[in-house]
Amino acid sequence: MTPDSVGPAIICDVGGVLLEDGMRTLLPQWAEASGLTAQDVVSRYRSSGLRDALWTGGISTETFWSRLSQALDFDLGTPAHLDQLMIDACSPLPAIATLQSVHHRLWLATNHRAEWVIPALRRTDLGIGADRIVCSSLIGSCKPMRSFYEHVDSVVGDAARRPFVYIDDQAANLEPAAELGWRSVLLDSGSSTLMEQILLH
């Protein structure tokens with residue numbers, strides 16, 4: 001299947017679509033090591049307020065790890081070690097192979113730290129440069145904040161055809177994109193039909 005070289009830009013989420021969500025992988029591991037239940041670890045993480053501060057760049061990754069250790073009452077290790085654990089946990093998902101054929105019109109928009117997601121993506125065969133990756137931590141806004149999508153819209157709109165096709169695995173993240181006129185694909189059934197879904201849009 002040969003993609004249309006002048007087709008619209010494809011804007012793709014990263015965690016849960018192209019890469020495993022590293023936090024979802026690591027939290028259960030820390031639950032086992034700390035003696036807490038997985039539910040308790042996730043609850044402490046979400047109620048700590050660290051999540052939004054992390055994704056919007058309000059705190060450094062080093063501060064995040066320190067405060068998460070405090071929230072879990074468990075020594076997670078050094079920041080450098082934890083950064084590497086996160087990069088390793090962001091392992092490739094099948095959609096990467098599916099999207100390689102349209103990589104020339106692909107942009108990434110992620111609620112992720114640039115310190116983790118960019119090194120993880122470099123280890124894949126996707127071939128996307130950092131100039132086409134919008135990380136929430138670098139712009140001070142994250143999904144589903146409308147300001148995040150407006151920023152992406154302004155960046156991609158200067159270089160690519162509209163209407164954009166947006167891929168995400170979280171339905172709530174599609175709503176602000178639709179308000180800006182983006183066409184949306186909810187990745188809820190693996191990547192086997194991803195290209196077909198994109199072409200239908």
Side-chain angles (χ1 to χ4, degrees), residues 12-96 108-124 126 128 130 133-149 151-152 167-177 186-188 190-191:
C12 189
D13 178 38
V14 177
V17 177
L18 298 177
L19 301 175
E20 292 282 2
D21 184 326
M23 197 63 70
R24 290 180 194 167
T25 300
L26 293 177
L27 286 176
Q29 294 178 12
W30 291 327
E32 183 176 350
S34 66
L36 298 169
T37 66
Q39 183 177 2
D40 193 21
V41 166
V42 171
S43 176
R44 291 190 188 194
Y45 166 59
R46 290 182 175 171
S47 65
S48 67
L50 292 172
R51 185 178 181 180
D52 285 350
L54 176 72
W55 295 143
T56 58
I59 58 176
S60 66
T61 59
E62 183 174 359
T63 298
F64 169 74
W65 292 126
S66 175
R67 292 184 183 173
L68 182 60
S69 290
Q70 293 172 11
L72 300 181
D73 193 24
F74 178 73
D75 183 7
L76 297 174
T78 67
H81 171 69
L82 292 167
D83 282 343
Q84 190 59 54
L85 277 182
M86 180 63 75
I87 293 168
D88 292 341
C90 294
S91 54
L93 291 171
I96 285 183
L108 307 184
T110 179
N111 274 2
H112 223 307
R113 295 296 298 213
E115 298 95 326
W116 302 334
V117 73
I118 291 177
L121 285 166
R122 283 185 184 139
R123 300 187 305 184
T124 73
L126 193 57
I128 293 293
I133 304 172
V134 177
C135 294
S136 62
S137 58
L138 298 180
I139 65 172
S141 179
C142 65
K143 293 180 281 186
M145 297 177 181
R146 184 181 174 92
S147 54
F148 176 88
Y149 300 84
H151 178 88
V152 175
I167 306 166
D168 204 302
D169 65 324
Q170 301 293 320
N173 290 339
L174 301 180
E175 296 174 15
L186 177 63
L187 185 65
D188 59 358
S191 63

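Predicted model only: the values in this text are computed from it and were never measured.
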Can you check whether [X] reaches [Y] side chain to side chain, under 4.5 Å on heavy atoms?
X	Y	result
Ile133	Ile118	yes
Trp116	Thr61	yes
Ser91	Arg123	no
Leu93	Leu19	no
Leu121	Leu108	yes
Glu20	Cys90	no
Asp83	Met86	no
Leu187	Asp168	no

Which atom of Cys142 lies closest to which atom of Trp55, heavy atoms considered:
CB-CB, 4.2 Å
Given the rule in the side chain to side chain contact (heavy atoms under 4.5 Å, CB included) test, do Cys135 and Glu115 qualify, once you have shown the distances and angles that lead to the verdict?
CA-CA 10 Å; Cys135 294; Glu115 298 95 326; over 6 Å; no
Test item: [X] side-chain N/O and [Y] main-chain N/O as donor-acceptor pair under 3.5 Å:
X	Y	result
Ser141	Phe148	yes
Arg67	Leu50	no
Thr56	Asp52	yes

Cut-off 3.5 Å, side chains only: do Ser69 and Ser66 have a donor facing an acceptor?
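No, no side-chain donor-acceptor contact under 3.5 Å.
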Asp13/Lys143 salt bridge by N-O under 4.0 Å criterion:
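Salt bridge: yes.
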Going by the ring pair (Phe, Tyr, Trp, His ring centres under 6.0 Å) test, which pairs reach into residues 26-46, not counting sequence neighbours?
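Counting only pairs at least two positions apart or across chains, the ring pair (Phe, Tyr, Trp, His ring centres under 6.0 Å) contacts touching residues 26-46 are Trp30-Trp65.
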Write out all pairs satisfying salt bridge (charged side-chain N to carboxylate O under 4.0 Å, His left out) with one or both partners inside residues 28-51, taking only residues at least two apart or from two chains.
Asp40-Arg44
Whether over 12 other heavy atoms sit under 6.0 Å from Glu62 CD
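Result for CD/Glu62: open.
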